Amino acid sequence: MPSRFVMGMVTMCRVGTLLAAAALLGGCAAASAQTKVLIYSDQSAGSLLPASALRSGAQAAGATVTLTTAPETFESEISRWPWARIYVMAKWDSAAPPYLTTLRQFTISNPGSIVYLHLWHDQGRTISPEVCVTASAAQTLWKDGVTVIRYADATDSGSGYGGQSGVRTFDGQVWPSWTDITPRRPTGTILLPPEANQNRAEFDLLGWLGGRDTCAQNCRTRFDHALQDCNDEYLSDSSDCYAIHPPSNPAALIECLKRAGAIFSQCLDAALFRLNNCLARCPQTPKPEQMPGGGVE
């Protein structure tokens with residue numbers, strides 16, 4: 001893991017960036033048709049459900065959503081709009097992805113936008129393409145010139161941040177490592193239909209499940225509301241940080257924003273946790289129990 005704070009912009013430049021973000025936050029509320037959301041999913045076993053859920057939630061809030069499944073397409077889309085939110089759902093790799101430089105530049109140029117990365121860890125396991133899994137994830141938020149990384153559902157042997165195990169904060173836009181963090185074994189949760197692999201790039205997991213019974217539809221609606229609450233609370237918390245801490249005290253402002261980011265990550269994690277549990281109780285959700293290890297070896 002890099003040092004506690006990665007070298008970033010000098011303090012006065014960063015205060016200017018924060019003030020610009022504050023101005024942009026002033027008009028943020030529920031999404032509208034003008035709210036543009038970009039989602040990248042590598043369609044891996046641990047990204048299918050969160051990508052589908054975030055897409056559903058953004059559309060339910062009235063946003064215009066662009067979903068990409070190829071890294072080259074995603075990189076070209078990043079610079080097309082000043083996206084309100086960019087979500088990346090992918091399997092974590094120690095090597096930086098090809099789109100990382102472009103994504104960092106977008107974050108610097110658009111301080112009012114939210115960039116959120118859900119990077120799940122396979123723990124070196126072989127996972128069947130026929131299953132969807134839940135797994136440990138580096139939930140990474142880039143906003144206001146800082147990075148908040150929360151290692152969800154994992155064992156933390158490091159010092160953490162602010163008394164919270166598994167949370168790290170940095171200046172700038174940091175790609176997470178797993179130093180001091182031990183991921184758990186992924187768990188197979190949903191047995192996928194043949195069409196999931198026949199046309200993986202177009203497969204919408206929640207859409208498919210929702211077409212099977214009303215139980216999954218209700219789970220989806222519950223998540224949509226939870227996601228909207230997470231977004232609203234984060235924008236409110238961030239606005240409060242700017243209102244409480246003047247530019248003359250940038251350290252306090254930055255710490256407040258880091259805390260708000262950690263709470264936002266926890267909120268999304270809780271919403272996804274409840275979605276997984278809700279779907280597991282639905283009688284029409286196909287389970288991978290008949291596969292060795294539930295599809296994870």
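Quantities reported herein were computed from a predicted structural model and do not represent experimental measurements.
Side-chain contact of Asp229 with Tyr234: a donor-acceptor pair under 3.5 Å is absent, judged by distance alone. Between the side chains of Arg200 and Ser41, not a single donor N or O lies within less than 3.5 Å of an accepting N or O. In the model, Gln43 has no side-chain atom that pairs as donor or acceptor with a side-chain atom of Thr69 under 3.5 Å. For the residue pair Asp224 / Ser56, a side-chain donor-acceptor distance below 3.5 Å is found, with atom types taken as modelled.
With sequence neighbours left out, Thr140 forms a side chain to side chain donor-acceptor pair (under 3.5 Å) with no residue at all. With sequence neighbours left out, Thr101 forms a side chain to side chain contact (heavy atoms under 4.5 Å, CB included) with no residue at all. Applying the side chain to side chain contact (heavy atoms under 4.5 Å, CB included) criterion to Cys230, with sequence neighbours excluded, gives Phe264, Cys267, Leu268. Qualifying side chain to side chain contact (heavy atoms under 4.5 Å, CB included) partners for Ala226, counting only residues two or more places apart in sequence or in other chains: Ala271.
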Listing, residues 279-294 side-chain donor-acceptor contacts under 3.5 Å, not counting sequence neighbours, or none:
{"unit_1": "Thr285", "atom_1": "OG1", "unit_2": "Leu279", "atom_2": "O", "d": "2.8"}
{"unit_1": "Lys287", "atom_1": "NZ", "unit_2": "Ala280", "atom_2": "O", "d": "3.2"}
{"unit_1": "Lys287", "atom_1": "NZ", "unit_2": "Thr285", "atom_2": "O", "d": "3.0"}

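At a threshold of 4.0 Å, the pair Asp269-Arg274 does not count as salt-bridged, since none of the basic side-chain nitrogens sits closer than that to a carboxylate oxygen.
Annotation: side chain of Gln139 is not in contact with side chain of Tyr151 (no heavy-atom distance under 4.5 Å).
Figure legend: Lys36 and Trp81 shown as a cation-pi pair, the cationic atom lying under 6.0 angstrom from the six-membered ring centre and within 45 degrees of its axis.
Aromatic ring pairs are classed by plane angle as parallel below 30°, tilted from 30° to 60° and perpendicular above 60°; the pair Trp175 and Tyr99 is perpendicular.
Applying the salt bridge (Lys or Arg N to Asp or Glu O under 4.0 Å) definition to pairs two or more places apart or across chains, those involving residues 88-101 are Lys91-Asp122.
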Pair Leu67-Tyr40, side chain to side chain contact (heavy atoms under 4.5 Å, CB included): steps then yes or no: CA-CA 6 Å; Leu67 173 68; Tyr40 168 64; over 6 Å; no

